[in-house]
Structure formats: C-alpha cells, structure tokens
Amino acid sequence: MAKSKNNIKKQCYISVPSQIINTLSSSSLQSLLLSPKKSSKSSKAKLLKNPRFWFFFLFLFGFLGMLKMGFNLDPLVPFSPNPCLIPQKESSISNGYSNSQLNIAQKSENNGGRDEIPQKESSISNGYSNSQFKIAQKSENDGDRDEEQSEFWKQPDGLGYRPCLDFSNEYRKSSVEIVKDRRKYLMVVVSGGMNQQRNQIVDAVVIARILGAALVVPILQVNVIWGDESEFSDIFDLDHFKSVLANDVRVVSSLPSTHLMSRPVEEKRTPLHVSPQWIRARYLRRLRKEGVLLLRGLDSRLSKDLPSDLQKLRCKVAFHALRFAPQILELGNKLTERMRSKGPYLALHLRMEKDVWVRTGCLPGLSHEYDEIINNERKLRPELLTSRSNMSYHDRKLAGLCPLNALDVTRLLKALGAPKGARIYWAGGNPFGGKEALLPLTREYPHLYNKEDLALAGELEPFANKASLMAAIDYIVTENSDVFMPSHGGNMGHAIQGHRAYAGHKKYITPNKRQMLPYFLNSSIPEAEFNRIIMDLHRDSLGQPELRSSKSGRDVTKYPVPECMCNYSRAHSLL
C-alpha cells in the first residue's frame, strides 16, 4: 500500500484557450483525455497509423509554437520546472531599480521626501516603464527649469563692497584707558522680542563706549506677551561676546563687590535719537560720582547718525559679537543643511499673527468672520493700534502700511519668477487663521516648511516655550537662505537685511508695496503684463548696495555701506 501511495501521480492542469477547444470535435477531446488500455506492439503500430494520433501531434506542436511566440519562452528552458505553481506578479526592473525604488528616488529629487509616495506603475510603453518614462521626461525638461530657477536665484551685484572695520588711531589710543577703567559701570535692561533686544544691546555697547564705562551683561526683561525668561547667555555666546569686544568695551558678568552698595543713577525716559554729546552731558558727571548707571527702554534712544568709529562699533557688535549660543547655532545650521540638501531655498518672514493685524490696523482678508474678530479686538484695546489711527484700512493698505497676506506673497513671488518647485522656509509666529491662512501659498508652492516641519523628534524640546530662542533659530535659517523676503517691515527684517548686505549683498527682496498694490487690486490686467510690471517695480529692490549716507536717520546695521564696508574693486581700479 505504501508503494502505491508513493506512485500516485500529482495532477496539474494546463489552461487552453476556449477558441482552440471549440475547434476540436468531442471525439477528438475524448481521444485526448482517454489513454489506451493496451500496451502491445500491435496497438502501438495501429496508433502510428491512426490519423487522430497525427492530428493530436500537430495540434500539440502548433500549440507550443503559439506559446513560444506569445510569451517568448527562453529557448534553453522550454518548460517551467514547476508548471503547477502560479507565478507572483513582478514589478518591472530597470538598471537595478524596481518601480518603487525609481519612484522613491524621483520623489526624493523633486520633493525632498515630503510628499506621498506615488503608486506603483505597471504599464509598459516602448520598452520603458512609466517611472522610467517620467524620469526621461524630467531630464528633458531640466534645462528649461534650471534656466528659470537660475534667474530667480541670481544674486545682485555687490559692486565690490566688503566688510572693513578700520578704526581710527584716536579710537585705538582711547581704548587702552577705557578698558582699564574700574570705576564706572553701565547696567541696562532690554525689552521686547529677540530682534528688538539685539538692537538695544548694540546701543548699550556704544553708550558704554561713549561714557568710558564697563558694561554689565545686559538684563533681558521678561516678555509680558510670551513669558520668556531667557537670559543673555541662553540666547547669545557670552564668552564670544566678551572676547570680540575686549579692545572696545570691557564686559563683566556682574558688578564688583566695591559697587554692590552703590545707588545707581536710574534713567527711564531717555529721549529719542540722542547724540553722544547729550549722553556725556547728561550722565557722565553723575556716573563718576555714583559709579553705576542703570538705563531702561533703550529702543531707538541713541541717534542713528554717529561718528564713523562708533558706527563701526555698532557693526562690530551686530555682525561679529552677537553670535548665538552654541546649542542654538547647532540646530539652526542643521535645519539650514536640511533645507539646502535639495538645492537653493527661499526664506520668508511672514507677519500674519493676530497681534500684527490688530496693531497695524489692517485686516487678514480671509473672510468676513476673521475680519470682524480683528475689528472687535481693536475696539476693545485701541491702545494696541500703533499705526496712524485716522486712516481707514483701505488707505493703510494702499499706503503700504499693511503686511502682505499669503495671496499677496504668492502673486508677488510668481511675478518675480520664483519657480513652482522652489523650496521655501517660512519664519514667524502661527498665522491668524491657521493653515487656512497659508492655503494660497501652499497651493502654488507646496514645498513650504518651518522649523517644526524640519526638526526631528525631540530637537525643539530644549527651546519649547522660549520665544526668543525660537526666533534665534528662525534668524539663522533665514540669514543662510539664498533669497529672503519679508511680508512686512520690522526688527527681524531690518536685521536680516543688514546681515545679508554685510555678507556680500545676498539677495533680499523688498516688496514695493506702495507702488505694486494698485496693480494687485486691478483684476483686468493680463497676467503676462502684470508680471512685467511687478518685475520692473522690483529691479532695484533685490538687495543691491545702498548707501546709508544717502538718507539721514538710517541704521548702519541695516545699511552698512559705506561706514562698515569698503569698495575694494574701486580702490584697486584707482591705483
């Protein structure tokens, strides 16, 4: 019995097309299915003479021929070693990559790995899989796309300007006595957001130099809006700050024991834009007597038009001494690398937070309900309105006093030639209206990221609930971008503008709001004509060198030419 079981043949079935089945008679089918019972020689001879046998032989030969032509069987392997196994569906493979691998590679090149993985393509045309065809098509279009991108990413002509902080001999000589002084100390309390604090720290160093006093590390006032309790050393590299300014101003971490019991001279209401002469006349005598001067609210208290050496000192503080703390710098540079890993990127500073709309007297333009929320908030707290109170919203917008909303930013970028595939980093607080407020921008430019999108799990935890540190991270990624554009003025936009100019006039788009908005409101202008007009309006607003001295009251940290930057190419041409 065991032997008979082992000899049982396994059955397998060959699928035959119905058209062939129908051409055979029932007797022919029966002859195929029924095997002869006799095995004698006579029966074999009869079989060879039987015309049905030859019919079956010719049919089988023709059937195998059709199989070979239809399925291109390997001539060396005419039959599968396992004919009863049903083969699994195979994805097409080309150059060592499966369809899924090709799709992922293509996705990585185009989107940086952020969009959905495309579904697998199985159809084949002209010997190419769909994914191969798409890649070939992409490579053909790369030339046009690169040309389009290169124009937008093109940097302005820096005209040969390079940083130069050559202080006068008189300044250097007086520095020796100033850094040795141990009698006079200046204490300052700075307020506002991180960029506003930066401005006040720059002024504090210059005021300390004017008075010949040592500067106690500035005290950062707790921000009443964000509740940020960060100290100077949490945001900035204190050791670096001290070493860079060692030959200009002595910086100490705290008052010495000899001055702890001194009653500081406190000044809360320093007038706006005071001169060095006013500062010496106002404070120097009392400072020598008491030994300690305490200043608050330094924002815009010091004049922007200072002697050349003091202007250079402002640049030295802003662009060299105020380096961010190592942990902030490390993360900011990581996010920069992630943005740049796929090529150049644009940075936007979007001023679309609720308090910005309230303070400027403008409306977000999302819907009637959102506009009413802003109007009601402004009525309840009229003191928040910092813009001209006698102007309507429409008048403010036409005067260029309102931030650009997402639709305005999108139309401006398109007109200036920003490619649809441009990678964009956006800095700023959460926009009023959430993701809905950004929809016009994300529809046209889907590769839009902020620090939360780029950071890995846990990387932002040390900076949580610390607005100044978060703003510092934004500052680093924004300053490192290939192109920068703010949607509205402000301390960060001004600081970035000066920093990019000092770095060699990296491209900085200044929206010409006052002149362009009438065209934005005119829907009858054809798109091509609109784009040409907007491009013409911004040809001189792309970060080209601009002299600070051409207009009084400009901050040298925003316009570092000519006090802090020299035109070396012109100097060489004159030799």
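Every value quoted in this text rests on a predicted model; they were computed, and no experiment measured them. Sequence positions, counted from 1, serve as the residue numbers for this chain.
The closest side-chain heavy-atom distance from Phe241 to Val251 is below 4.5 Å. Counting only heavy atoms from C-beta outward, the side chains of His349 and Ile496 never approach each other to under 4.5 Å. Counting heavy atoms from C-beta outward, Leu413 and Ile424 have side chains that approach closer than 4.5 Å. For the pair Leu348/Pro486, no side-chain contact is recorded, criterion being any heavy-atom separation below 4.5 Å from C-beta on. At least one side-chain heavy atom of Ser303 sits less than 4.5 Å from a side-chain heavy atom of Leu306. The closest side-chain heavy-atom distance from Val188 to Gln200 is not below 4.5 Å. Asn375 places a side-chain heavy atom less than 4.5 Å from the side chain of Leu363.
A search for side-chain contact (heavy atoms from CB on, under 4.5 Å) contacts involving Asn491 returns Asn195, Gln196, Asn199, not counting sequence neighbours. Scanning for side-chain contact (heavy atoms from CB on, under 4.5 Å) contacts around Ile219 gives Met187, Val189, with sequence neighbours left out. Residues satisfying the side-chain contact (heavy atoms from CB on, under 4.5 Å) criterion with Gln497, sequence neighbours excluded, are Tyr508, Lys558, Tyr559. Asp157 pairs by the side-chain contact (heavy atoms from CB on, under 4.5 Å) definition with Leu159, not counting sequence neighbours. In this structure, the side chain to side chain donor-acceptor pair (under 3.5 Å) partners of Ser230, at least two apart in sequence or on a different chain, are Asp228. In this structure, the ring-ring contact (aromatic ring centres under 6.0 Å, His included) partners of His320, at least two apart in sequence or on a different chain, are Tyr502.
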Checklist entry - After noting the C-alpha distance and the side-chain angles of Arg301 and His273, does the key distance pass the side chain to side chain contact (heavy atoms under 4.5 Å, CB included) rule? => result CA-CA 5 Å; Arg301 302 302 170 182; His273 309 301; over 6 Å; no
Next on the checklist: Please determine whether side chain to side chain contact (heavy atoms under 4.5 Å, CB included) holds for the pair Lys334 and Glu459, giving the CA-CA distance in whole Å, both sets of side-chain angles, and the decisive distance to 0.1 Å.
Outcome noted: CA-CA 10 Å; Lys334 283 182 180 178; Glu459 283 186 326; 4.1 Å; yes
Next on the checklist: side chain to side chain contact (heavy atoms under 4.5 Å, CB included), that's the test. Do Val483 and Phe152 meet it? Break it down for me.
Outcome noted: CA-CA 9 Å; Val483 180; Phe152 179 76; 4.2 Å; yes
Checklist entry - Can Leu412 and His538 be said to form a side chain to side chain contact (heavy atoms under 4.5 Å, CB included), step by step? => result CA-CA 10 Å; Leu412 177 56; His538 289 85; 3.7 Å; yes
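Atoms NZ and NE2, from Lys397 and His394 in turn, are 9.5 Å apart once rounded to the nearest 0.5 Å. The line from CG of Leu298 to CD1 of Ile207 is 5.0 Å long, rounded to the nearest 0.5 Å. For the atom pair CD1 of Ile533 and CD of Gln515, the computed distance is 12.0 Å after rounding to the nearest 0.5 Å. A distance of 13.0 Å separates OG of Ser481 from CD1 of Ile476, quoted to the nearest 0.5 Å. Distance check, rounded to the nearest 0.5 Å: OG of Ser468 to CZ of Arg198 gives 12.0 Å. Considering CZ of Arg162 and NE2 of His505, their distance stands at 9.5 Å, rounded to 0.5 Å.
A salt bridge between Asp248 and Lys316 is present, with a side-chain N of the basic residue lying under 4.0 Å from a carboxylate O of the acidic one. Salt bridge status for Arg340 with Glu337: absent, with no side-chain N to carboxylate O gap under 4.0 Å. By the 4.0 Å N-to-carboxylate-O rule, Arg554 lies close enough to Glu546 to be salt-bridged with it. A salt bridge links Glu444 to Lys420: one of the charged nitrogens lies within less than 4.0 Å of a carboxylate oxygen. Using a cut-off of 4.0 Å between Lys/Arg side-chain N and Asp/Glu carboxylate O, Arg548 and Asp305 are scored as salt-bridged.
Of all heavy-atom pairs between Leu454 and Arg338, the closest is O-NH1, 3.0 Å. Heavy-atom minimum distance, Gly433 versus Leu366: CA-CD1, 3.9 Å. Contact detail for Arg314 and Leu302: the closest heavy-atom pair is NH1-CD2, 4.0 Å. Closest of all the heavy-atom pairs between Phe236 and Ile201 is CE1-CD1, 3.9 Å. The heavy-atom pair separating Ile509 from Met485 by the smallest distance is O-CG, 3.4 Å. Minimum interatomic distance between Asp408 and Phe520 (heavy atoms only, all atoms of both residues): O-CE2, 3.5 Å.
In this structure, Glu452 places its CD atom where more than 12 heavy-atom neighbours from other residues, nucleotides or ligands lie under 6.0 Å away. No more than 12 heavy atoms of other residues, nucleotides or ligands lie within 6.0 Å of OH in Tyr519, so this atom counts as exposed by the packing criterion.
Between Phe432 and Tyr370, a ring centre-to-centre spacing shorter than 6.0 Å is recorded. The aromatic ring centres of Tyr475 and His499 sit less than 6.0 Å apart. Centroid-to-centroid, the aromatic rings of Tyr449 and Tyr345 stay 6.0 Å apart or farther.
Within the structure, salt bridge (charged side-chain N to carboxylate O under 4.0 Å, His left out) contacts touching residues 361-379 (residues at least two apart or in different chains) are Lys354-Glu377. The list of disulfide bond (SG atoms under 2.5 Å apart) pairs with a residue in residues 397-477, not counting sequence neighbours, reads Cys362-Cys402. Among pairs with a residue in residues 491-510, those fulfilling salt bridge (charged side-chain N to carboxylate O under 4.0 Å, His left out) read Glu479-Lys506, at least two apart in sequence or across chains. Residue pairs meeting the disulfide bond (SG atoms under 2.5 Å apart) criterion with at least one partner in residues 419-467, sequence neighbours excluded, are absent. Applying the disulfide bond (SG atoms under 2.5 Å apart) test to pairs two or more places apart or on separate chains, none has a residue in residues 446-510.
At a cut-off of 3.5 Å, with distance as the only test, no side-chain donor of Lys414 or Thr410 sits close to an acceptor on the other residue. Side-chain contact of Asn522 with Ser524: a donor-acceptor pair under 3.5 Å is present, judged by distance alone.
For the side-chain contact (heavy atoms from CB on, under 4.5 Å) test with Trp426, the passing option among Val477, Leu441, Leu350 is Leu350; the others fail. When the options Asn405, Ile374, Val356, Ile373 are evaluated for a side-chain contact (heavy atoms from CB on, under 4.5 Å) with Pro364, the one that passes is Ile374.
A cation-pi arrangement is found for Arg411 relative to Phe530, the charged atom lying closer than 6.0 Å to the ring centre and inside a 45° cone about the ring normal.
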Can I get a per-line list of side-chain donor-acceptor pairs under 3.5 Å for residues 323-333, giving both atom names and the distance, sequence neighbours left out?
{"residue": "Arg323", "atom": "NH2", "partner": "Asp237", "partner atom": "OD2", "Å": "3.2"}
{"residue": "Arg323", "atom": "NH2", "partner": "His240", "partner atom": "ND1", "Å": "3.4"}
{"residue": "Asn333", "atom": "ND2", "partner": "Leu329", "partner atom": "O", "Å": "3.1"}

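SG distance check for Cys566 and Cys164: under 2.5 Å.
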